[in-house]
Amino acid sequence: MATRTRTLGGTAPRTLSRRDRRTQVQEATVDEFRPSRTRGLAWLSARETASTLSRVDGWLMATLVGLCAFGLVMVYSASEALGYAWFGNPNYFFEHQLVWLVGGVVAWFVATNLDYHKWHRFSRPLAIATVVLLIAVLVPHIGTEKLGARRWFAVGPLSVQPSAVATLVAIVWFSRWLVDRGPVLRRFAVVWQFGFLLGALLILIVLERDLGSAIILACIGVALLALSGARIHHVVFVLGVLVALGYLAVTMEAYRANRLSSFRDPFADPLNAGFQSVQSLIALGSGGFTGVGLGNSIQKYQWLPEAHSDFIFAIIGEELGLIGGLVVIGGYLMFAWRGVRTSLRAPDRFGSVLAGGITAWISIQAFVNIGAVTGVIPTTGITLPFISYGGSSLFMSLLAVGVLCNISAQGRRQGEARRAHVDRWRGDGRPPDPRDGRRPSPSRV
């Protein structure tokens, strides 16, 4: 059935078919989901740089500085005995961490003052380069193998982990991919395509024997899908498929199956499969409420493996007690709150999804690590963001937070009148602020 529309000047009436009207509505709708190319900041001058830093969320900045400074102190405390035993230098791990922290601060500063829409433009070549790195690290004599896992590149005295790079690049690229689909994302065929791309990336990471990073990336992918406006049952379906694939990956490797069985009862084999978990629980129990004092840990004297990296939270609990552990958890909760606030106040859909993905990454990784140390979930072998020893992880985390800070600054600059918001499961993508523009309805076309 056609609709007749009147025109000015006495011209003949024009007839629009229902298909033409639907096309116009869809084009107008998709434009709302695409990132603005005119609202964002360009490359910034010195004056604009100072202005950008002044607009960054102060609570987010304070939380980041506090976690990084505390992490530097705890890396020294947890690694001094190991550094002396292995390298004859108690400051060995502290010095390396300090070098990576300085580099990460530079990366954070650059990312904070770089318009985040630039990431949208270069996301595709970055994704291709990252896939090449993930494949190259599996090649003998190129990637470095440690403890049966081939997941590092040796760059002089430093080690670079491609999976840490892949996490940030995947967040950027998937954010662009999902936002560019707009309302079409509510179709199952498009969700299936996203699941296929995510699964291919996860397979490359699992081949490096880095199941922990694969689990984190899978959780981030589900979060991005939900934030982009996919249907609830589609998100649940993708989550179910990922859980099934994760269980299959665990059962296919003997060491992963042993890790899962030791999680059920680590004291059944306290000197073998359950040794690390048992020593971690002993450290937490020894700390009590107030801890044994900073630097006075016993477990760091090679009783607890990876005390300065994966299990540094156990040393925090031993030296600073329950109070210190709760303060660290409170820091990550503060970061999650301010990150969600940044996502809700982003100027456009791309900024909303990108900020949500970065916040999900840091928050999920933190609580997965803490859960593994406290025996709530199986050991995953991932670091505690901003605190654990690990150069590439620290560098990429600070770079990601720099992107988050730029989104925060631009959101505050734009004000509430032009803010975009993540999907509220209503299926229309409209923000709750009545001052934001509403989606054009068929009756207005």
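Everything quoted here is computed from the prediction, not taken from an experiment.
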N406 side chain to G402 backbone, donor-acceptor under 3.5 Å
no
Begin from the C-alpha positions of L60 and C405 and carry the test side chain to side chain contact (heavy atoms under 4.5 Å, CB included) through to its verdict.
CA-CA 8 Å; L60 179 62; C405 289; 4.0 Å; yes
Throw together a table of side-chain donor-acceptor distances under 3.5 angstrom for residues 360-378, partners on residues two or more places apart or in other chains.
from : atom 1 : to   : atom 2 : distance (Å)
W361 : NE1    : Q365 : OE1    : 3.0
S363 : OG     : T359 : O      : 2.8
Q365 : NE2    : T383 : O      : 3.1
Q365 : NE2    : T383 : OG1    : 3.3
N369 : ND2    : D310 : O      : 2.9
N369 : ND2    : I382 : O      : 2.7
T374 : OG1    : I370 : O      : 2.8
T374 : OG1    : G371 : O      : 3.3

What residues form a side chain to side chain donor-acceptor pair (under 3.5 Å) with Q97, not counting sequence neighbours?
none
Measure the CG-CG distance between L225 and L185 for me, rounded to the nearest 0.5 Å.
6.0 Å
Going by side chain to side chain contact (heavy atoms under 4.5 Å, CB included), name the residues that satisfy it together with L322, two or more places apart in sequence or in a different chain.
F289, L326
Under a 4.5 Å cut-off applied to non-hydrogen side-chain atoms, are H120 and L354 in contact?
no
Tell me, do F267 and L281 make a side-chain contact under 4.5 Å, heavy atoms counted?
yes
When rounded to the nearest 0.5 angstrom, what distance separates CG in L67 from CE in M74?
13.0 Å
Which residues satisfy the ring pair (Phe, Tyr, Trp, His ring centres under 6.0 Å) test with F87, sequence neighbours excluded?
Y92, F93
What pairs with S309 under side chain to side chain donor-acceptor pair (under 3.5 Å), at least two apart in sequence or on another chain?
E306
Within the 3.5 Å criterion, strictly below it, is a donor on Q299 or E318 matched to an acceptor on the partner's side chain?
no
Hey, are the side chains of V403 and I171 touching, using non-hydrogen atoms and a 4.5 Å cut-off?
no
Applying side chain to side chain contact (heavy atoms under 4.5 Å, CB included), run through L202 and L245 and close with a yes or a no.
CA-CA 10 Å; L202 293 177; L245 292 177; over 6 Å; no
Can a donor-acceptor pair be found, under 3.5 Å and without considering hydrogens, that links the side chain of R176 to the backbone of F350?
no
Among residues at least two apart in sequence or on other chains, which ones pass ring pair (Phe, Tyr, Trp, His ring centres under 6.0 Å) with F70?
none
Please list, chain by chain and in numerical order, all residues satisfying side chain to side chain donor-acceptor pair (under 3.5 Å) with S77, sequence neighbours excluded.
E319
Show me the pairs that pass salt bridge (charged side-chain N to carboxylate O under 4.0 Å, His left out) and involve residues 276-289, at least two apart or across chains.
none
Atom pair CD1/CD1 of I205 and I216 - distance to nearest 0.5 Å:
11.0 Å
On a heavy-atom basis, which atom in A170 and which in L217 lie closest, and how many Å separate them?
CB-CD1, 3.8 Å
Looking at Y247 and L242, would you say the former's side chain and the latter's main chain have a donor-acceptor pair under 3.5 Å?
no
Take L114 and W119, measure what side chain to side chain contact (heavy atoms under 4.5 Å, CB included) needs, and give me the verdict at the end.
CA-CA 9 Å; L114 175 66; W119 293 90; 4.1 Å; yes
Would you call V172 and L126 a side-chain contact if the rule is heavy atoms closer than 4.5 Å?
no
Here the pair of heavy atoms bringing A78 nearest to I312 is CB-CG1, 4.3 Å
Is it true that a side-chain atom of R338 and a backbone atom of W59 form a donor plus acceptor pair closer than 3.5 Å?
no
Side chains of H308 and I315 in contact at under 4.5 Å (non-hydrogen atoms)
no
To the nearest 0.5 angstrom, please state how far the CG atom of N296 sits from the OG atom of S286.
12.5 Å
Heavy atoms only: give me the nearest A400-L168 pair and the separation to one decimal.
CB-CD1, 3.7 Å
Between V401 and F335, is any pair of side-chain heavy atoms under 4.5 Å apart?
yes
Decide yes or no for S163 and E208: does some side-chain heavy atom of the first lie under 4.5 Å from some side-chain heavy atom of the second?
yes
Going by the side-chain contact (heavy atoms from CB on, under 4.5 Å) test, name the single residue among L201, L197, T130 that passes it with W173.
L197
Any non-hydrogen side-chain atom of L134 less than 4.5 Å from a side-chain atom of L207?
no
Before you tell me yes or no, could you show the steps for L384 and F311 under side chain to side chain contact (heavy atoms under 4.5 Å, CB included), namely the whole-Å CA-CA distance, both residues' side-chain angles and the distance that decides it to 0.1 Å?
CA-CA 8 Å; L384 188 61; F311 278 75; over 6 Å; no
Could R181 and W177 be counted as a cation-pi pair, given that NZ or CZ must be under 6.0 Å from the ring centre and within 45° of the axis?
yes
Have N91 and Y84 got a donor and an acceptor in their side chains that come within less than 3.5 Å?
no
Any salt bridge (charged side-chain N to carboxylate O under 4.0 Å, His left out) involving residues 68-95? Give me the pairs, sequence neighbours left out, ordered by first then second residue.
E80-K300
Looking only at atom types and distance, does a side-chain atom of S277 sit under 3.5 Å from a main-chain N or O of P266, one as donor and one as acceptor?
no
By side chain to side chain contact (heavy atoms under 4.5 Å, CB included), F237 pairs with (sequence neighbours left out) F188, W192, V241
Once side chain to side chain contact (heavy atoms under 4.5 Å, CB included) is applied, do any residues pair with C68, and if so which ones, sequence neighbours excluded?
L64, L101, F386, L398
Nearest 0.5 Å please: distance from the CD1 atom of I316 over to the CG atom of L294.
10.0 Å
Classify the side-chain pair D115/Q410 by whether it contains a donor and acceptor separated by less than 3.5 Å.
yes
Sorted by chain and number, sequence neighbours left out, side chain to side chain contact (heavy atoms under 4.5 Å, CB included) with A355 holds for T342, S343, L404, I407
Nearest heavy-atom neighbours spanning G351 and Y116:
CA-CE1, 3.5 Å
Scanning both residues in full, the closest heavy-atom pair of S388 with V75 reads C-CG2, 4.1 Å
What's the separation between atom CG in L72 and atom CH2 in W100, rounded to the nearest 0.5 Å?
15.0 Å
